[in-house]
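This report concerns only the one structure given below.
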Protein chains: 2
Amino acid sequence: MLDTPGKLLDAAERLFATEGFSAVSLRQIIAEAEVNVAAVHYHFGSKLELLDQVIMRKAGPVNKERLELLDRAEADANGNPEVEAILSAFMLPMAQTATDNPLFPKLMGRMQSEGILSDVIERNFQPVITRFLVALRKAVPHLPDNEFRWRIHFMQGAIACAMSSEPHAVSHPVDDGGFRKRIERLIVFLGAGLRTPSAGEKPHKPSGKNK
Amino acid sequence: MLDTPGKLLDAAERLFATEGFSAVSLRQIIAEAEVNVAAVHYHFGSKLELLDQVIMRKAGPVNKERLELLDRAEADANGNPEVEAILSAFMLPMAQTATDNPLFPKLMGRMQSEGILSDVIERNFQPVITRFLVALRKAVPHLPDNEFRWRIHFMQGAIACAMSSEPHAVSHPVDDGGFRKRIERLIVFLGAGLRTPSAGEKPHKPSGKNK
DNA sequence: GTCTATACTGAGATAGAC
DNA sequence: GTCTATCTCAGTATAGAC
């Protein structure tokens, strides 16, 4: 059997991913892990730090592979990969993780939605995020800077929704091609949204029609 | 001064929108509204039903106007409005509300993100949602049905993120042109994402290249 | 019909015995 | 390292004053 922290991490991962963070009580987690109430605070400090560890445990390898894929995409495209290639580099590691562990992307989506990716996490993700933002910025140079920022913001929401999949679905999509297929759909959608000219911009030629 | 339910609704709206639903306690709300703890239970039944009323109070008029704008858009386009026109009909009433009451779109975004738009609310919104889904479906007839469903799902996430604006921003967008401008950006982004051909689909001619 | 006071249950967190 | 007991504060419920 696993040790106490391991049992707690497993139980927490499962419950957080399926029920959400605030909906799950520490009592549920410790019951599932078959340990004592105080174990969480002894090993992790708080419910939120437990979540941190749950995420970190899986996020490290995913982020590492994201960067490697982005490196390769940039090498393949002489430093200027297409939007879709960049998005693929970001998403594919998630898809691969999802085949082993379908709970992890669900968890990430849920936590993003609940707005509780704590500071610790944000710091852990920041190198990856800024790296991808720079790459995306280069891929859509025609966009005004603030337009770009807003589109990234919109994209974030779409990604979170795509990951957690079913929570408050109004459209009831069906996962016919598996998680991988879902991500391909998302990339097509986001790629088109990101690369489209901003309002008032000429479709293909940036013919500086004043400001 | 307002009556007790009115004071509670105002306080709850402000706090829910700025702090989130689960982050705000009933004690905070009743303190702000300067009423007794039991008032919430007496007038509304529970914290969740209080939220219901907070939303319903503002959502009714917004939804009504949404349907009117959609009717007009369909009339103007002989029954086949463009994607962007449909999205405008959905979003503009929010933008107008936002000028009087910036808290309401923020609240809607937050609640959507937290996944606690309760069943009562969902039932209240459903007529509007299905009406818009039908219109959008007609505007992108080239998409396979499941592709369409997924894109709506992605769109939902982007809208929620756009509404609540700043919570967990990694891109730090600036609201230069006001809420109205933000919505215009969103429509351009979503319009491009929705209308783009699905993977394996020919750009402009649906030349049935096998299944 | 309304509001106040107060009690109940269950949450997260902590101190200290073992 | 682990467990018991306990603290504080959340949402909820009820009894009874006005």
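Only heavy atoms go into these numbers, but all of them, side chains included; no hydrogens, no water, no symmetry mates. Numbers restart at 1 for each chain; the letters A, B, ... are given by sequence-line order, proteins then strands.
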Nucleotide dG11(D), atom C1' - distance to CG of Leu50(B) in whole Å: 12 Å
Tell me: CD1 of Ile29(B) to P of dC9(D), nearest whole Å? 18 Å
Under 3.5 Å, side chain of Glu32(A) to main-chain N/O of Ile29(A), donor-acceptor pair present? no
Short side-chain to backbone donor-acceptor contact, Arg137(A) and Val140(A), under 3.5 Å: yes
Taking 4.0 angstrom as the limit, do Arg185(B) and Asp175(B) come out as a salt bridge? no
Please tabulate the protein-to-nucleotide N/O contacts below 3.5 Å involving nucleotides 15-18 of chain D, giving atom names and distances.
none

Of Arg27(A) and Pro5(B), the one whose closest DNA chain C nucleotide lies more 5': Pro5(B)
Within residues 15-26 of chain B, find the residues that approach DNA chain D with a heavy atom at under 4.0 Å, and present them sorted by residue number. Val24(B), Ser25(B), Leu26(B)
Out of dC3(C), dC3(D), dG12(C), whichever nucleotide has its closest atom nearest the side chain of Tyr42(B): dC3(C)
Nearest-nucleotide pick for Lys47(B), side chain only, options being dT2(D), dC3(C), dG11(D): dG11(D)
Using the six-membered ring wherever Trp is involved, compare the ring planes of Phe90(B) and Phe132(B) and label them parallel, tilted or perpendicular (cut-offs 30° and 60°). perpendicular
Pair listing, ring pair (Phe, Tyr, Trp, His ring centres under 6.0 Å) test, anchored in residues 18-58 of chain A, at least two apart: Phe16(A)-Phe21(A)
